[in-house]
Amino acid sequence: MFLTTNKYLVYLTIIFLGFLLRFYYANYESYWFDEQISFFVANPELSFKETLARSYTTDLSPVFYNLVLKYYFTVFNYSPDLGRYLSIITGLLGVIFLSFISYQISKYKSLMLTLFLASFNIYLITYSAETRPYSTIFFLSSLNVYLFIRCFILKSTNKLLSFTFFIISILTLLIHPFTILIIGSQILFILFKDFNY
């Protein structure tokens, strides 16, 4: 029992240190130009139609993230710092789900290494400190792969889990066009697996 508790404390400590690094770095620099665009587009005082118009004329990224950011600002406050906090939260959730994926694949064999590399990865830290969709892409992609493993490799029969996977797959596709590679790979995996059986 002591070893198990000790192991969990180490995992939580690594995640907490990853959070501290992201939080520190989020307040390290001013907004970049692309972050200013996201902040401009996600103004909660704009109507839905005005947000779409601003997104299509000023921002080259998909509109879904700007809408998420808009409603996040509506619930909390329209502040540049709070925009970065959304990225910190989604970046940290991405790290957690990546560690869940590692655990599903190899139990404890590579969990510590995966958690360490993801928590202290300079790219993930810097992207978690920007009011841009990168951390949200990482989070939704990690969650999608985790749910895919649960539903199609570990063969979970939980209908709610399957429905959640379906919804997360749609959100993953909406967050960025490159995520079609993940969804396409999952479809090919299912087709080849069915073909082999």
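Quantities reported herein were computed from a predicted structural model and do not represent experimental measurements.
At most 12 heavy atoms of other shown residues, nucleotides or ligands fall within 6.0 angstrom of atom CD1 in Ile180. Counted within 6.0 Å of NZ on Lys159, heavy atoms from surrounding residues, nucleotides or ligands total 12 or fewer; the atom is thus considered open. Enclosure of atom OH in Tyr72 by more than 12 non-hydrogen atoms of other residues, nucleotides or ligands within 6.0 angstrom is indicated. Within 6.0 Å of CZ in Phe120 there are more than 12 heavy atoms belonging to other residues, nucleotides or ligands.
Minimum interatomic distance between Ile168 and Leu140 (heavy atoms only, all atoms of both residues): CG2-O, 3.9 Å. What you find for Thr57 and Ala53 is that their closest heavy atoms are OG1-O, 2.9 Å. Summarising the geometry of Pro177 relative to Pro62, their closest heavy-atom pair is CD-CG, 3.7 Å, with the distance given to 0.1 Å. A pairwise comparison of heavy atoms in Glu130 and Glu35 identifies CA-OE2, 3.1 Å as the closest pair. Between Arg22 and Ala129 the shortest heavy-atom distance is O-CB, 4.5 Å. In this structure, Phe73 and Ala42 approach most closely via the heavy-atom pair CD1-O, 3.6 Å.
For the ring-ring contact (aromatic ring centres under 6.0 Å, His included) test, no residue two or more places apart in sequence or in another chain qualifies with Phe33.
Considering OG of Ser87 and CG of Leu82, their distance stands at 11.5 Å, rounded to 0.5 Å. Atom CD in Gln36 sits 11.0 Å away from atom CZ in Phe40 (nearest 0.5 Å). One finds the OH atom of Tyr134 at 14.0 Å from the OH atom of Tyr123 (value rounded to the nearest 0.5 Å). For the atom pair CG of Leu69 and CG of Leu86, the computed distance is 6.0 Å after rounding to the nearest 0.5 Å. Rounding to the nearest 0.5 angstrom, the gap separating the CG atom in Leu115 from the OG atom in Ser119 is 4.5 Å. Between the NZ atom of Lys7 and the CE atom of Met112 there is a distance of 8.0 Å, given to the nearest 0.5 Å.
Using bins of under 30°, 30° to 60° and over 60° for the plane-to-plane angle, the ring pair Phe139/Phe97 lands in the tilted bin.
Using modelled atom types, one finds no donor on one side chain facing an acceptor on the other under 3.5 Å when comparing Ser38 with Thr131. For the residue pair Thr114/Ser99, the side-chain donor-acceptor check at 3.5 Å is not satisfied.
Residues Tyr127 and Phe138 are not in side-chain contact: their nearest non-hydrogen atoms beyond the backbone lie 4.5 Å or more apart. Within the 4.5 Å cutoff, side-chain heavy atoms of Tyr85 are placed close to those of Ile88. Looking only at side-chain heavy atoms (C-beta outward), Val145 and Gln186 come within less than 4.5 Å of each other. Counting only heavy atoms from C-beta outward, the side chains of Arg54 and Asn43 approach each other to under 4.5 Å. Between Ile175 and Leu171, the closest side-chain pair of non-hydrogen atoms is not below 4.5 Å. Residues His176 and Thr136 fail the side-chain proximity criterion, which asks for heavy atoms closer than 4.5 Å.
Put simply, Trp32 and Phe23 are part of two different groups of oily side chains (I, L, V, M, F, W, Y) that touch within less than 4.5 Å, one to the next. Residue Leu143 is not grouped with residue Leu160 when hydrophobic side chains (ILVMFWY) are merged at heavy-atom distances under 4.5 angstrom, including chains of intermediate members. When the side chains of ILVMFWY residues are joined at heavy-atom separations under 4.5 Å, either directly or via intervening members, Tyr8 and Ile15 end up in a single hydrophobic cluster. When the side chains of ILVMFWY residues are joined at heavy-atom separations under 4.5 Å, either directly or via intervening members, Leu92 and Tyr24 end up in a single hydrophobic cluster. Val75 and Leu93 fall within a single hydrophobic cluster, where Ile, Leu, Val, Met, Phe, Trp and Tyr side chains are chained together by heavy-atom contacts under 4.5 Å.
Here the side chain of Thr179 pairs a donor or acceptor atom with the backbone of Thr172 at under 3.5 angstrom. Judged by distance alone, the side chain of Tyr78 and the main-chain N or O of Lys70 form no donor-acceptor pair under 3.5 Å.
Remark: aromatic rings of Phe189 and Phe148 are close, center separation under 6.0 Å. The aromatic ring centres of Tyr103 and Phe100 sit 6.0 Å or more apart.
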Worksheet entry | Evaluation steps, side-chain contact (heavy atoms from CB on, under 4.5 Å), between Leu21 and Tyr25 | CA-CA 6 Å; Leu21 285 170; Tyr25 196 76; over 6 Å; no

Discussion item. Between Leu111 and Tyr11, is the side-chain contact (heavy atoms from CB on, under 4.5 Å) condition met? List the steps.
Written reply: CA-CA 9 Å; Leu111 180 59; Tyr11 297 150; 3.6 Å; yes

Discussion item. One pair to check against side-chain contact (heavy atoms from CB on, under 4.5 Å): Arg150 and Thr164. What are the steps and the verdict?
Written reply: CA-CA 11 Å; Arg150 292 285 309 273; Thr164 305; over 6 Å; no

Fill in: side-chain contact (heavy atoms from CB on, under 4.5 Å) between Leu20 and Phe16, worked out
CA-CA 6 Å; Leu20 287 180; Phe16 182 70; 3.4 Å; yes

Worksheet item: Between Ser110 and Ser102, is a side-chain hydrogen bond (donor to acceptor under 3.5 Å, both in side chains) present by the stated rule, with each step listed?
Response: CA-CA 7 Å; Ser110 63; Ser102 175; 3.0 Å; yes

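Through chains of ILVMFWY side-chain contacts below 4.5 Å, Tyr56 is grouped with Phe48, Leu52, Val63, Leu67, Tyr71.
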